There are 2 protein chains.
Amino acid sequence: MDRAADRVYEALRAGILDGSRRGGSRLTETGLAEELNASRTPVREALRRLAAEGLVDTAPHKGARVTDWTPHDLEELYDLRSELEAHAAERAATRVGEEDLVRLAGLADQLEQQARRAQPDLEAVARINADFHDCIQAAASSRRLAAVLRSVVRVPLVLSTYHRYSPEDLRRSCAHHRELVQAFRAKDGRWARAVMTAHIAAAKDVLMRTREHPAGQPAEHPPTHFVPDSIPEPR
Amino acid sequence: MDRAADRVYEALRAGILDGSRRGGSRLTETGLAEELNASRTPVREALRRLAAEGLVDTAPHKGARVTDWTPHDLEELYDLRSELEAHAAERAATRVGEEDLVRLAGLADQLEQQARRAQPDLEAVARINADFHDCIQAAASSRRLAAVLRSVVRVPLVLSTYHRYSPEDLRRSCAHHRELVQAFRAKDGRWARAVMTAHIAAAKDVLMRTREHPAGQPAEHPPTHFVPDSIPEPR
DNA sequence: CCTTGCCGAGTTGTATGCAACTTAGGCTCG
DNA sequence: CGAGCCTAAGTTGCATACAACTCGGCAAGG
């Protein structure tokens, strides 16, 4: 990460994902260059990369804007993500090694321990969850799939699903993780696919259900339990 | 397309896809700039775009190379493409309008007419096939899916499957197109998905079967009938 | 008052000079 | 004779100047 272009890219992506750069807001090359202490060249490169990943929209001679996602876009995205993660799970089921299984089981246990607490450590939960999904992707052993999945999964994070999960949602999520490990252990691709499909569908449902409550209104359940079902950082 | 960066991008992509730029060959910025009458800046941008799409590999300070695809990569790719096109077909089934159906039926007819000839017009066949798949993607009405699909489908073209299809392969391909139209007409997503999955699997099989014959050796069937199953140009 | 054309400020697109890095080859030293 | 350092050529990464384009607003004419 010694290149300025990478620095700018990371800074922009982080800003977009954590919400400090709102959807629709304009991104001028000169402005960003000044703000991030770089020249326009690396800024341009970063913007182009983000555009390729769908995080910003660009038009010739008209500049770049942070893409803002309509509910319709989000629904498309979750459907697509569902297909891709299901595919990854199916491939992984017949390719996991013993060490992967041990690792996945360990992660599922950790997740469950966090979930049982009254005040789960959100950061830890997010990290564990991300590691779990990353491990599956790695086991699927398809570089191309991994790349596509990264670009698709990254977007839902714009509206990080933290503090959206009810205790019941959380329990179901943990159960899914456990069941996935079992399906992998049985090397049953169809089983793994089905569970993963359900897992993503549940995540979509949580998002869609709580979407009307933009912030500070975490639905009608107490704000004690939650788990993000998104994958914050690849590796 | 008034930008130099677009010109360079198109030229490079065309060169890679038609095989005149071999996998593994190096692409230096200065060399390309001279060759294509542009400065290094638009060349850089084009290379970055191609890298994002997976057509070239880059490493910091080490330059870009045309990615060369191992048989393993290709298998991954076709599996992924199968999922995505199947998803597109399923979505399309419940969203097609009457005008789409008419158009698709017309394209399927045209394809069949070409196929019945002793000497099908390859260009026409490729165009019709591309239009057919594009129409389905459009009917699926998911911008994100369309983008991902483009980047995934583009690669198999590196080894364009022209002159690989036996007459039997060709007949099957036509039958698939016809059946897809019927499934759409019935608005049966599962049916459409199944046919599309079969369609791509058949295409993969043709590629894998004839991969040992690099060129000039079009397998054991006479080189009279063929149809590409790939999508040359998005719109 | 509305339309139309023009102008200018601001932004993106391109060219190019310079610095930093990689790598291959020869040279020195063990 | 071989290993390792060092240099130099070549390439990429960055900065910046300049050209081309977009779009708001204003003024003149209908």
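Since the model is a prediction, treat every value here as computed from it, not as a measurement. Protein chains get the first letters and strands the later ones, always in sequence-line order, with residue 1 at the start of each.
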- Task: Using atom types as modelled and distance alone, determine if a side-chain donor or acceptor of A/Asp100 lies under 3.5 Å from a backbone N or O of A/Gly97.
- Result: yes
- By side-chain contact (heavy atoms from CB on, under 4.5 Å), A/Arg22 pairs with (sequence neighbours left out) none
- Examine distances only and state if a side-chain atom of A/Arg81 and a backbone atom of A/Lys204 form a donor-acceptor pair shorter than 3.5 Å. no
- Go along nucleotides 13-22 of chain C 5' to 3' and tag each nucleotide: B for a protein heavy atom under 4.0 Å from its base, S when only backbone or sugar atoms are that close, - otherwise. BBBBB---SS
- Query: Side chains of B/Ser82 and B/Asp79: is there a donor and an acceptor less than 3.5 Å apart?
  - Reply: no
- Task: Answer yes or no: is there a side-chain heavy-atom contact under 4.5 Å between A/Asn129 and A/His177?
- Result: yes
- Query: Which part of the nucleic acid, if any, lies within contact of A/Leu27, taking any heavy atom under 4.0 Å across all strands shown: a base, the sugar-phosphate backbone alone, or nothing?
  - Reply: sugar-phosphate
- Message: What I want to check is whether the side chains of A/His72 and A/Glu76 have a donor and an acceptor closer together than 3.5 Å.
- Response: yes
- Item | Aromatic ring proximity A/His133/A/His199, centre distance under 6.0 Å | yes
- Any sub-3.5 Å donor-acceptor pair from A/Arg193's side-chain atoms to A/Gly189's backbone N or O? no
- Message: Taking any atom closer than 4.0 angstrom to a non-hydrogen atom of chain B, what span of DNA chain D does the protein reach, first nucleotide to last?
- Response: D/dT11 to D/dG13
